[in-house]
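Comments concern the structure below.
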Amino acid sequence: MTTRIRAIAFNTFREAVRDRVLYNLVFFALLLVATAPLLGEISIGVQRVLLINLSLSAISIFGIVISIFVGISLVSKEIERRTLYPVLSRPVGRGEFILGKYCGLAGTLLVNTMAMTTGVYVALLLMTRSFTRADANILIAIYFLFLQFIVIIGLALLFSSFSSPLLSALFALSMFVAGSFAADLRGFAAMSHGPEGLLARAASYVVPNLASLNVITRVSHDQFIPAALVGYNTLYTLLYATATITAAVLIFSRRDLK
Amino acid sequence: MIAAGVLVVSMAASFVLVRKIEAVYPSAPMEDVLFISSPEFVKRASLGYSGLLADIYWMRVVQYFGRKHQRESKEYKALAPLLDIATTLDPNLVVAYEWGSTFLDQPPPSGAGDDEAAVALIGKGIRNNPNEWRLYFTLAFVQYLGQHDYLGAAKTFEEGSKVPGAHPWMKIMAAKMLTDAGNLETARYMWQNIYDESTDKNLKQNAELHLASLVVDQAVPQLESLISEFKARTGDNPTSWRDLIASGLLRSIPRDPTGTPYVFQSDGHVVVADWRKLPFITRGKPQ
Amino acid sequence: MPRSFPTNPMLAVEILGLEKTYAIGFWKKKRKDGLKSLHLEIQQGEVFGFLGPNGAGKTTTLKLLMGLISPTAGTARILNQPWHDPAVRARIGFLPEQPYFYDHLTPIELLDYYGTLSGISAPDRRLRIPKLLERVGLAGQGGTQLRKFSKGMLQRVGIAQAVLHEPEVVFLDEPMSGLDPVGRREVRNFIQSLNREGKTVFFSTHILGDAEALCHRVAVLNKGELRGISVVADLTSQNRSRFEVVWQATAAIPAMRAFGNETHVAGEVARTIVRESQLQAALEALKSQSAQLISVNPVGGSLEEYFLQKLGEPDKVPR
């Protein structure tokens, strides 16, 4: 079973690479280079803050765009082009297929994010000439960003299992926005009562809790990230991803392929 | 169905995790939100969705205030800038001026106790919404209760009463400010009006608390004078309310507006059992 | 001419009342029959042809058997196991209609991927793939990305992936479509060689010649309904020569009806198929009605006649 999932994941990864998804790394590098003279204009303390904010935000944006737009096409493209037929006529379960596709894109993003992370550290080293303990904190922020991608791929996959690519992208994007305001949504739910309050509360828990996965601003100011948060966020992401993938498999298993 | 089970369990467990995360990482500390503190910049950065953003800021103000309130923290340092951002994003958000100035003005711990900020905010509100008589009312209110500027309050009430649709008692208030502003009855009249007219739940609750506190402010001196009267009649200090009831000075044990009996102190002072429930009282506060 | 096939008591495919109704329209209220209750048995070692015009339900049947769509009713067994059993999928091969593959891969990478999914070990894959590519005529193309392949070359890749894991039953959906005459000949040879290896081949086509050349038995399908099953050898053994007569006339010629069903072709052109013994009489009838004779061709296929008869709608015969 794992052999097949691994084969599907690897093929997905290879497709992403050959479809030049990783070209965004070039833009990322250009961005870092382009901001260097800008950083020279301002004082040392703020330089570091700006570099971290800018590069981590770029990692987040690139990653989320890839997660959504590659995520929604993972399954729909295979159905559209009927490349799925020779796969599913083999001893491959639909669940295995979904899981393999998911792992493939997650792997692509892992490689992508790691490459960008290297870039961030190189830029930091060029600027400050040495690493401090606080620089390790950045790694936590990047790890959380990767967890965000994991959540969003799951959602993109779920939406694309029952709706058109365009609608799926729209849904996934709005879930990302809603998820970034999840805390506000919960606050809002706490303030309202009756059936609306209940509905708002349900909605505030169903949307992904993305706000606590974005600690870019904190890290840029060298604020401490509690270890418990790392553990809880990891566990939360795993659970949320499991839920979305399971739902996607449930829907996809019942689907007739055109 | 295994898959359905996995779905339900993982979803439910993720809800629990959200609460855990909330506990270790309270959603976006306000100081972070204020990293960009220029309201004009925020407005530009909102790319035209400033109304929506204003509403989000507004919700954050309410949450921020509520949270600080619960913790009985006396610092509301972010309240004024947050309100400024919310009202710059949406200058017609009347509730923000009304509500915000009330809570900015109120003395700690129930508010920021910053009547200058309150007057500035409400002044901005009136500039942006000259036809909202409620804003004049709120301004006059701050001038009257916060700054004890009775003349200024009278003038504001007078101006507000000229706004089309203004409530008739705006004129009455203008007159009262000039005649008996220091009177408890005037204060009570005012809070009763806020209570009756307000549509905002928080403002209504606040008015209710003020009204209750006024009841205490009135009751405590009365009870204390009864105690002195008892002493004058019998020559002894009373030991409990029962002594007063037995002597015919009281019919029953006196209770504060929350329904709790007043506390009879041995030194002849009367206090409320839990002043936190009546945060605005000026009399009967335990030392 | 296909050889007679050894009768094997074990069935390769057993279709028991498979049925598919599609819900169509925005609200999924309308119903469209894709396949009406189908019963069919295919022996092991047989080459079985599935005939019918486009939209007859051939592809629907194959997709049902491959588990790509789920039936509204009925069941099927493949190699004596339930058709949806994953274990059975390792023992069958499938070529979809007009196959399209990941165009970022080379044939070697593609076959390696599919081989892994079918559970072939890595050494076996390394051994089999080059041989197979040679067998389908893509020996020198193993390292070229599929995006550069022509339709015919993709069809060869498709056939290769269908037999890579040495399946016992091979399902081919329109294997000859889109191929030039040489390509068609090669696919025919390939199917025959598969059959010689003892594999069961189930293929759909709308080209009668291919069916006649390859199949032991054929089933005729139209509008989602099975119209008939026949042994090809039986049909051809009647060995009665027939001729197709095509003519042009301003009006229908009643006398021609006596020889066979007249088919309108285009404009004033009509055709019919007559027995050899009647050919002379037919030509004289045309002459007496001053119709213009266009052509007289011998028709080898008695399969065609069978097909037309079962189809009941001669106008729609694809040529």
Side-chain angles (χ1 to χ4, degrees), chain A residues 49 53 94-95 144 151 154 158 177 180-188 190-193 201-202 204-209 211-218 220-221 223 225-253, chain B residues 1-37 45-47 49 52-70 82 86 95 99 200-205:
Chain A
V49 172
N53 271 329
R94 294 201 182 182
F144 282 0
V151 167
L158 172 60
V177 174
S180 302
F181 288 109
D184 287 295
L185 212 58
R186 279 197 297 280
F188 180 65
M191 275 161 46
S192 45
H193 304 278
R201 188 156 312 190
S204 71
Y205 280 101
V206 169
V207 301
N209 190 38
S212 63
L213 289 173
N214 191 335
V215 293
I216 298 177
T217 322
R218 284 197 135 200
S220 71
H221 292 294
Q223 283 182 33
I225 306 296
L229 186 65
V230 179
Y232 287 149
N233 271 342
T234 308
L235 199 57
Y236 173 78
T237 304
L238 288 178
L239 287 168
Y240 198 87
T242 308
T244 44
I245 297 169
T246 315
V249 171
L250 276 174
I251 295 169
F252 186 61
S253 302
Chain B
M1 195 74 221
I2 302 165
V6 170
L7 177 61
V8 171
V9 170
S10 55
M11 209 64 216
S14 82
F15 296 169
V16 177
L17 254 294
V18 170
R19 295 192 158 273
K20 294 260 182 208
I21 290 170
E22 195 84 309
V24 294
Y25 187 72
S27 48
M30 272 314 133
E31 284 69 21
D32 277 4
V33 175
L34 285 173
F35 191 60
I36 301 168
S37 56
S46 71
L47 306 171
Y49 299 103
L52 178 66
L53 207 62
D55 298 346
I56 289 166
Y57 261 97
W58 171 237
M59 263 165 52
R60 290 206 149 164
V61 173
V62 176
Q63 276 175 266
Y64 174 72
F65 187 76
R67 193 164 46 225
K68 293 277 180 183
H69 210 83
Q70 277 164 18
L82 272 176
V95 67
W99 192 99
D200 183 81
K201 199 182 68 191
N202 287 299
L203 283 179
K204 231 180 168 69
Q205 267 175 10

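Proteins come first, then strands; the chains are lettered A, B, ... in the order of their sequence lines, and each starts at number 1.
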Exercise for the section: Please name the pair of heavy atoms, one in B:Leu17 and one in A:Tyr232, separated by the smallest distance, quoted to 0.1 Å. Expected result: CD1-O, 3.2 Å
Handout entry: From B:Arg19 atom CZ to A:Tyr205 atom OH, the distance as rounded to the nearest 0.5 Å
Key = 3.5 Å
Problem - Which of A:Thr244, A:Leu238, A:Asn233, A:Ile245 touches chain B most, by non-hydrogen pairs under 4.5 Å - result: A:Asn233
Exercise for the section: Indicate the atoms forming the closest heavy-atom contact of A:Ala243 with B:Leu7, along with that distance. Expected result: O-CD1, 3.1 Å
Exercise for the section: Could you check which of A:Ala241, A:Ser212, A:Pro226, A:Ser204 has the highest count of heavy-atom pairs closer than 4.5 Å to chain B? Expected result: A:Ser212
Practice task
Grab the two heavy atoms, one from A:Leu239 and one from B:Ser14, that are nearest each other, plus how far apart they are.
Solution key: CD1-N, 3.8 Å
Practice task
Kindly check if the number of other-residue, nucleotide or ligand heavy atoms within 6.0 Å of NZ (B:Lys20) is above 12?
Solution key: no
Completion exercise
Okay, A:Leu229 and chain B: the region with an atom under 4.5 Å from a heavy atom over there is both
Practice task
Report the distance from atom OG1 of A:Thr246 to atom CE of B:Met11, rounding to the nearest 0.5 Å.
Solution key: 10.5 Å
